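Everything on this sheet refers to the single structure shown next.
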Amino acid sequence: MNQPQNPNTQNTQNTQSYLQQFSLAGKIALVTGAARDIGLEIARALAGSGAHVILNGRNADTLASAVQNLMAQGLSASALAFDVTDKAAVKAAFAQIAAQHGGLDILVNNAGVRNRKPLLEFSDDEIHTMLETNLIAGYTLSREAARLMVPNKSGRLITVTSIAGQIARSGDAVYTGAKAGLTGMMRALAAEYGPLGITSNAIAPGGVATQANAASIADPKINAHFATRTPLGRWAQPAEIAGAAVFLASNAASYVNGHVLYVDGGMSIAM
Ligand SMILES: NC(=O)c1ccc[n+]([C@@H]2O[C@H](COP(=O)([O-])OP(=O)(O)OC[C@H]3O[C@@H](n4cnc5c(N)ncnc54)[C@H](OP(=O)(O)O)[C@@H]3O)[C@@H](O)[C@H]2O)c1
């Protein structure tokens, strides 16, 4: 094993504030599914920490207004509309990123879709769509990002999984399988790219008050169930997930690789 080299040491010896370790100044980040909710707040937090953030989603108009919203806060952001399940569009998007920015430092695989119902009610096409968006896109996006990161021997792959990748409940088999698969992918990429200076980690949110959960929040029974299952007793706001992304993208996480960071109010450890 080589002698330990701590890239943080120099900065701390220079008596810079430890907060400097969290700076993403000069970094280029792509956040998929960033038009709203968790993805948008992750994009806001990365940009707020100094990165230029490329927001992805399928709807160019919604993305443009999200970018305007960030720029009005003085943040550096741009939009790249494409469907993460469209293989040709993914290749074209990464070619555009390489041409415009010369590379990519941070990928946040966040885009996801939710379709909660018993397996018997799923058509083959519905299963396929869920797996294409929630699992297979994680592979294609990570591969294209790695192509840009490997030559620099540096990069951060951050995958938004879910508490559902670890624990299961009835009526959610397709989503649960996809998120568990993403967790395995994230770990395998940590092993594959660690030697090349690229880390791979996951953020696993618990219940977050987003559009995807609007019906559950409005249902008093489901809402009460979530409150009692979560030690913090409430849903997270989307912005409460974003700090984990800044940490994993930053130099403060230089030795964190292959980790699932639960941001779930304690749900995963409570009975
Ligand atoms: N909400 C929660 O409680 C929770 C808990 C655990 C994990 N998560 C995970 O966190 C991530 C974000 O969840 P969220 O609740 O913020 O979701 P959301 O509100 O439904 O937003 C999903 C985002 O993904 C985009 N998107 C969907 N399909 C896409 C595709 N094929 N290509 C490109 N973009 C696509 C959507 O934009 P367009 O529709 O405009 O394309 C939107 O910006 C997901 O991976 C989800 O599984 C959420």
Side-chain angles (χ1 to χ4, degrees), residues 30-45 53-67 69-70 79-90 92-93 107-116 128-138 140-142 144 158-169 172 174-183 185-186 202-217 222-223 225-227 229-230 232 234-242 244-245 260-265 267-268:
L30 169 65
V31 183
T32 67
R36 60 174 182 262
D37 291 330
I38 295 173
L40 176 57
E41 294 313 319
I42 287 176
R44 193 190 311 280
V53 179
I54 304 162
L55 280 71
N56 157 263
R58 289 169 296 185
N59 183 311
D61 292 339
T62 328
L63 272 187
S65 80
V67 166
N69 177 303
L70 298 192
L80 196 49
F82 64 93
D83 186 327
V84 295
T85 68
D86 178 339
K87 311 288 185 295
V90 169
L107 168 68
V108 183
N109 274 317
N110 169 75
V113 285
R114 201 76 209 257
N115 192 355
R116 282 192 190 96
H128 191 82
T129 300
M130 284 280 282
L131 293 180
E132 276 281 349
T133 312
N134 290 343
L135 177 59
I136 294 172
T140 51
L141 273 281
S142 298
E144 296 311 311
I158 300 171
T159 300
V160 179
T161 59
S162 170
I163 191 172
Q166 176 69 20
I167 56 176
R169 69 185 171 125
D172 219 6
V174 184
Y175 182 80
T176 300
K179 291 297 188 181
L182 269 188
T183 307
M185 177 202 80
M186 174 282 292
I203 298 168
V208 188
T210 63
Q211 189 169 307
N213 281 327
S216 300
I217 293 165
I222 298 177
N223 201 27
H225 172 73
F226 263 87
R229 275 292 287 111
T230 309
L232 288 185
R234 62 175 176 85
W235 299 80
Q237 289 303 311
E240 292 183 278
I241 311 302
V260 180
L261 177 43
Y262 288 92
V263 187
D264 65 353
M267 187 190 265
S268 54

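Note that ligands are numbered from 1 as they come in the structure, with each ligand's atoms numbered from 1 the same way. Computed from a prediction, not measured in an experiment: that's the story for all the values here.
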Can you give me every donor-acceptor pair (side chain of residues 60-67, partner residue at least two apart or in another chain, under 3.5 Å) with its distance?
residue : atom : partner : partner atom : Å
Thr62   : OG1  : Asn59   : OD1          : 3.0
Thr62   : OG1  : Asn59   : ND2          : 3.4
Ser65   : OG   : Thr62   : O            : 3.2

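- Judged by distance alone, the side chain of Asn110 and the main-chain N or O of Thr32 form a donor-acceptor pair under 3.5 Å.
- No donor-acceptor pair closer than 3.5 Å links the side chain of Asp264 to the backbone N or O of Pro205.
- No donor-acceptor pair under 3.5 Å is formed between the side chain of Asp83 and the backbone N or O of Ala89.
- A distance of 9.0 Å separates OG1 of Thr129 from CG of Asn115, quoted to the nearest 0.5 Å.
- Not a single donor-acceptor pair under 3.5 Å links the side chain of Asn134 to the backbone N or O of Lys179.
- Contact residues for ligand 1 (protein heavy atom closer than 4.0 angstrom to any ligand atom): Gly33, Ala34, Ala35, Arg36, Asp37, Ile38, Asn56, Gly57, Arg58, Asn59, Phe82, Asp83, Val84, Asn110, Ala111, Gly112, Val113, Thr133, Val160, Thr161, Ser162, Tyr175, Lys179, Pro205, Gly206, Gly207, Val208, Thr210, Ala212, Asn213.
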